[in-house]
Protein chains: 2
Amino acid sequence: MSTINDVSKLAGVSKSTVSNVFNNTKYVSEEITDRVLKAAQELNYYPNKLATGLANKKTYMIGLFLENLGEFRSMHHQIIEGVAMKLNEFNYNVILYIDRDNEKIPKGAKLRIEPIDGAIILDPEIEDIRIKDFVSSGTPIVLVGKAPKSYENLSSLDVDNIEIAYSATKMLIQNGHKKIAFINSKPNLTITSDRLKGYIKALSENQIDFEPSYIYNCDNTIIKAKKLASSILEKGEFSAIITESDVVALGVYEEAKTKGINIPGDISVFALGGMDYFLTPEVSRVVVDYKKLGEAAAKQITMIIDNKQQSSNLILNKYKIIKTGSVGQVSIR
Amino acid sequence: MSTINDVSKLAGVSKSTVSNVFNNTKYVSEEITDRVLKAAQELNYYPNKLATGLANKKTYMIGLFLENLGEFRSMHHQIIEGVAMKLNEFNYNVILYIDRDNEKIPKGAKLRIEPIDGAIILDPEIEDIRIKDFVSSGTPIVLVGKAPKSYENLSSLDVDNIEIAYSATKMLIQNGHKKIAFINSKPNLTITSDRLKGYIKALSENQIDFEPSYIYNCDNTIIKAKKLASSILEKGEFSAIITESDVVALGVYEEAKTKGINIPGDISVFALGGMDYFLTPEVSRVVVDYKKLGEAAAKQITMIIDNKQQSSNLILNKYKIIKTGSVGQVSIR
DNA sequence: CTGTTAGCGCCTTCAA
DNA sequence: TTGAAGGCGCTAACAG
């Protein structure tokens with residue numbers, strides 16, 4: 001590993017000149033520039049980022065913090081991908097911190113973390129230690145996912161779940177459906193109540209009464225989904241079902257098959273998430289571009305760092321409603 | 001941000017004493033230790049890793065390099081997860097470098113890379129610039145995936161594709177299958193020839209002649225898969241098909257349905273990869289634990305860094321053959 | 001057992 | 001336009 005000193009000696013100039021050449025920070029005559037560059041090449045020299053960071057108090061490193069991988073794995077992965085690629089583009093490095101099962105940043109905590117220029121935190125929690133630390137140290141933060149009220153002043157980024165549920169419901173209504181069962185996600189999650197809001201909004205906009213008994217909650221396992229689907233299908237009063245995910249939709253499909261109920265002939269199905277392309281008929285669904293969300297987060301944090309932007313709460317609408325053979329038209333009679 | 005100096009002043013001791021307290025590097029009396037700790041707490045002090053790294057020439061940062069996400073997305077994601085979690089456990093940080101579409105580490109190249117203690121490189125290529133750079137700078141490397149011959153001296157880690165294909169084929173043979181079509185991956189890939197080796201090994205071990213015309217190659221798209229499946233199924237001479245992935249299996253399923261061919265009644269199907277759980281009947285397949293592979297890579301690189309281990313070429317056998325309803329028994333008559 | 005000193009590699013005034 | 005000196009925050013001899 002050669003240093004700036006080696007280069008300056010070989011080139012017969014001073015350290016600062018070498019520095020200036022590499023950073024374009026002051027004019028250096030062409031001749032000397034050449035000499036420096038040649039020397040650098042010969043020595044395979046490149047600036048040590050650590051030392052630079054120390055001197056500049058800027059590290060070009062961003063921490064990406066996540067935990068509880070597993071439940072929403074695919075979503076997280078897409079976000080990681082988006083963040084990393086975008087940040088690399090901006091010449092920032094991404095340091096990945098994945099906390100195992102709820103341990104959060106453990107005991108050693110801060111001891112482990114590099115001085116980073118900024119942090120992107122996924123699915124922040126109320127009373128999040130990580131956030132507290134960064135706030136107190138003045139590190140810029142961007143929150144991705146439902147941000148707790150207590151952190152409303154911080155920059156955040158999320159998908160518009162109200163809008164998504166609204167669009168899905170509306171699409172069904174436009175196809176003539178009025179009695180729409182909704183297997184929503186687990187209660188008490190922000191996402192769950194947001195989805196419900198969207199569902200209700202679409203109904204009321206179309207003068208359809210909201211019937212609370214049409215709402216179910218499911219934990220995103222096939223077993224629970226099948227159980228719910230069974231009782232919903234037995235009632236026989238619905239023309240469509242919205243499910244919280246493709247996994248739940250699968251449960252509905254299987255129960256329907258068992259009961260000889262035809263999709264979409266007897267009932268239409270829409271999944272609020274997932275990336276399934278295996279069900280037959282292919283299930284209608286919403287596809288959210290989480291990679292884009294990650295990219296937006298990356299951009300956001302760099303803007304804040306560069307003071308080009310104040311903190312803000314963005315709601316992204318990067319999604320697509322995909323209507324396939326699982327949704328039929330209800331004949332009007 | 002308070003520094004070691006602030007702490008030493010407040011505690012009324014010298015810098016080195018503070019350093020010693022934080023690193024357990026020399027005995028410090030309990031009284032002074034207490035004073036230092038208290039002062040540190042009051043100032044919310046913690047060591048600046050950058051400075052430490054500069055002084056120690058050890059950064060506790062590992063670079064994880066990948067590219068061409070997309071084709072094998074899920075596999076990559078699992079590896080990332082395994083690497084990050086394991087490395088975090090060992091108190092190393094992971095810096096993620098994702099190169100967009102084949103650009104590799106671009107122009108700025110090394111300028112962008114922090115001084116890292118080691119590198120984990122996924123799917124290295126022949127003449128890989130990244131590897132060259134790290135070798136020349138003496139940075140420890142672990143290769144994950146099929147390592148080019150030119151880098152045989154480096155540490156590497158891979159899944160045993162020969163073994164996997166062998167096990168799958170053997171399982172089919174044990175179920176009475178003898179005429180087994182094999183839709184392999186793209187030719188000229190190491191993985192493709194390895195899988196073929198495993199297939200052949202299982203056949204010859206069971207005194208079944210290898211018939212080259214049973215072998216097909218597919219590029220892992222549904223369209224191509226369907227085309228191949230169509231001609232394979234029309235021949236009607238096979239009792240089983242091995243596919244390179246679940247996507248290809250899906251193609252086979254769909255063609256079979258179209259043609260009124262029953263799985264597993266008329267033909268059995270086995271997928272050499274994928275994580276599908278949607279096909280009906282569920283497809284028999286091999287599940288590789290790529291997260292474990294990532295964890296192993298993480299462990300490997302730390303061992304090399306700590307000089308606890310020389311470079312080595314590991315073949316992991318973390319996989320499971322899952323036999324489901326898509327494979328039937330061939331009656332002996 | 002504790003403090004002093006000299007770097008680690010780089011950047012940045014400030015003079016020349 | 002170029003160079004010398006000091007400092008970023010920390011560690012590691014070496015004294016005391």
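Quick note on labels: first sequence line is chain A, next is B, and so on, each numbered from 1.
Nearest to the side-chain atoms of A/Lys57 among the listed nucleotides C/dT2, D/dG3, D/dC8 stands D/dC8. Counting only heavy atoms from C-beta on, B/Asn56 has its side chain closest to D/dA12 among C/dG3, D/dA12, C/dC10. Set against C/dT2, C/dG9, D/dG9, the side chain of A/Ala55 has C/dG9 as its closest nucleotide. Checked against C/dT2, C/dG9, D/dT1, the side chain of B/Ser29 finds its nearest nucleotide in C/dT2.
Not one side-chain nitrogen or oxygen of B/Asn5 sits closer than 4.0 Å to the OP1 or OP2 atom of D/dG9. Phosphate contact (OP1/OP2 of C/dC11, side-chain N/O of A/Ser19, threshold under 4.0 Å): present. For C/dG9, the OP1/OP2 oxygens have no side-chain nitrogen or oxygen of A/Tyr46 closer than 4.0 Å.
A/Lys26 comes within contact range of at least one nucleobase, with a heavy-atom separation under 4.0 Å. Nucleic acid contact for A/Ser16: base, since at least one base atom lies under 4.0 Å from a heavy atom of the residue. Counting non-hydrogen atoms under 4.0 angstrom, B/Val13 reaches the backbone sugars and phosphates but no base. A/Val28 comes within contact range of the sugar-phosphate backbone alone, with a heavy-atom separation under 4.0 Å but no base atom that close. Within 4.0 Å of B/Lys15, counting heavy atoms only, lies at least one base atom of the nucleic acid.
Between the side chains of B/Ser156 and B/Gln300, no donor-acceptor pair is found at a separation under 3.5 Å.
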Exercise for the section: Determine, stepwise, if the pair B/Asn23 / B/Ser19 fulfils side-chain hydrogen bond (donor to acceptor under 3.5 Å, both in side chains). Expected result: CA-CA 6 Å; B/Asn23 302 307; B/Ser19 173; 3.3 Å; yes
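Mapped onto DNA chain D by nearest heavy atom, B/Leu50 and B/Asn20 fall at different nucleotides, with B/Leu50 at the one closer to the 5' end. The residue among B/Leu54 and B/Gly12 whose nearest nucleotide of DNA chain C lies closer to the 5′ end is B/Gly12.
For B/Phe134 and B/Phe65, the ring centers are positioned less than 6.0 Å apart.
No more than 12 heavy-atom neighbours from other residues, nucleotides or ligands sit within 6.0 angstrom of OH on B/Tyr60.
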